[in-house]
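Presented below is the structure to which this report refers.
Throughout, protein chains are lettered first and strands after them, A, B, ... in sequence-line order, and every chain is numbered starting at 1. Below, each value reflects all heavy atoms present in this structure, side chains not excepted, and no hydrogens, waters or symmetry copies.
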There are 2 protein chains.
Amino acid sequence: MQELTLRQQEILLWIRQYMADHGIPPTRLALCAAMGFRSPNAAESHLRALERKGAIELVQGVSRGIRLVEEPKETSGLPLIGKVAAGQPILAVAHIESYEPIAPELFRPVAHYLLRVQGESMRNAGILEGDLIAVHHTLIAQNGQIVVARLEDEVTIKRFYRQGERVELHPDNPDYPVIEVNLKKRALHIEGVMVGLIRA
Amino acid sequence: MQELTLRQQEILLWIRQYMADHGIPPTRLALCAAMGFRSPNAAESHLRALERKGAIELVQGVSRGIRLVEEPKETSGLPLIGKVAAGQPILAVAHIESYEPIAPELFRPVAHYLLRVQGESMRNAGILEGDLIAVHHTLIAQNGQIVVARLEDEVTIKRFYRQGERVELHPDNPDYPVIEVNLKKRALHIEGVMVGLIRA
DNA sequence: CAAGTAACTGTAATTATATACAGTTACAAG
DNA sequence: CTTGTAACTGTATATAATTACAGTTACTTG
């Protein structure tokens, strides 16, 4: 959205207020009356300007055909992370598929985001492909916890075991191999620990 | 709000959908087109009826002057059902352990309540002891669906298969037996179907 | 200083929309 | 059997609303 002039901001604000009050968008004439315009064309051209700048959308030929273009707001809920591209931070906005209406406090410790599970490597822990796991963002994990780990730009969900410099990432599925990591040789980052699961 | 006729419910539903889609209430003519009316007065009188029954409000002289009257909605969240005592309806208030902050619409079809899982009989379906399953309350189930069933006062979660009078309730765990029911001999009630799962 | 743009006035025409009035059909209840 | 109501058809009309066209004024920018 382009920057609005002061007057345009004022008008956009009024439209928002009108819609909150009346449940429907205003007409050109209502805008005239509110702003003190004597010409409906003043309203019209303001609306056109707002549309040009991406603040609203106009549906032509339709009475009250004004749509607010929503700002990407943070709803109370948890961001759902889909596929994570290699080498990018997990919480990059680009990865957010949607916000799910789930209270973070449902989980203990609180969940920070949801991650869609790919593959069946944690099948025996009751984690299936397509499930959403709730993740608490933390850098430290206890032995035996299920963690979201990043191993050389690859994000994976495994059970975490550490002894000194040696870490083992265990799948909960005999068909998958245990991953052994020597922290001195390969970079391993804990992104968070699993605190819950949603299957929708 | 008074009770609506089937047709009125249908129309109210359509209005809701229209508003969700377009961001503005519909006109009488739009309602006509959608419902197949040939007369705008059909739309008008339906709207009047809906207003009389308190489902909507009409603002006279104003285009698209239709306001939805909000239902006093329940505590947003889903009731969590713990142990169900034998012989009692599953949704008895006495069984409600708590309300969990989860939107029913997270699941499709919508969830009506959560049920705590006891036992490991559905282990291979990724359903573990202590998990909460989201249940859509319905009396009909399709073959293969995971259902909440009541068999002689006992509530159980199993996969449902039916052929005529014979029903099989399959666990997803080879350690548990398949339960066979002849509907003529034993009473079996479907309480609902599983639509999701929460592990907190 | 010319050109572009924001922010308007003023008028007019067309179309979108609400809404009244006069009926019809079917069904349920007293 | 009448009365009431839901669910419409069909016509008509006033008014609500959009939108085009022709201007004006002030300010900013190359």
Interatomic distance, [X] [atom1] vs [N] [atom2] [rounded to whole Å]:
X     : N      : atom1 : atom2 : result
B:L47 : D:dA6  : CG    : C1'   : 15 Å
B:R52 : D:dT5  : CZ    : P     : 8 Å
A:L58 : C:dA16 : CG    : C1'   : 16 Å
A:L50 : C:dC8  : CG    : P     : 12 Å
B:M35 : D:dT9  : CE    : P     : 13 Å
B:L29 : C:dA18 : CG    : C1'   : 9 Å
A:L31 : D:dA16 : CG    : P     : 18 Å
A:K53 : C:dT5  : NZ    : P     : 11 Å

Task: Single-linkage hydrophobic cluster, 4.5 Å side-chain cutoff, B:L13 and B:V69 together - done: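 They do not share one cluster, since no chain of ILVMFWY contacts under 4.5 Å joins B:L13 to B:V69.
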
Task: Options C:dG10, D:dT19, D:dG10, nucleotide nearest the side-chain atoms of A:S39 - done: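 Selected nucleotide: C:dG10.
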
Task: Options C:dA18, C:dT17, D:dA17, nucleotide nearest the side-chain atoms of A:T27 - done: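 Of the candidates, D:dA17 comes closest.
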
Task: Side-chain donor or acceptor of A:H112 paired with backbone N/O of A:H137 under 3.5 Å - done: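 Yes; judged by distance alone, with no hydrogens or angles, the pair exists.
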
Task: Side-chain donor/acceptor of A:H170 to backbone N/O of A:R159, under 3.5 Å - done: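 No.
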
Do the side-chain N or O atoms of [X] get closer than 4.0 angstrom to the phosphate oxygens (OP1, OP2) of [N]?
X     : N      : answer
B:R7  : D:dT5  : no
B:R64 : C:dT17 : yes
A:Q8  : C:dA7  : yes
B:S63 : D:dA17 : yes
A:T5  : C:dA7  : yes
B:H46 : D:dA6  : no

Open item on the list: On the side chain of B:N41, is there an atom forming a donor-acceptor pair with the base of D:dT9 - under 3.5 Å, no angle test?
Closed with: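 Flag set: donor-acceptor pair detected.
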
Task: A:E165, CD atom: more than 12 neighbouring heavy atoms under 6.0 Å - done: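 Yes, enclosed.
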
Open item on the list: On DNA chain D, compare the nucleotides closest to A:R28 and B:R38; which residue's is nearer the 5' end?
Closed with: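 Nearer the 5' end of the strand: B:R38.
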
Task: Given DNA chain D, 5'-ward residue of the pair B:P40 and B:F37, judged by closest heavy atom - done: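 Going by which nucleotide is closer to the 5' end, it is B:F37.
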
Open item on the list: Regarding B:T27 and B:R64, do their side chains bring together a donor and an acceptor under 3.5 Å, going by distance alone?
Closed with: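 Side chains of B:T27 and B:R64: no pair found under 3.5 Å.
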
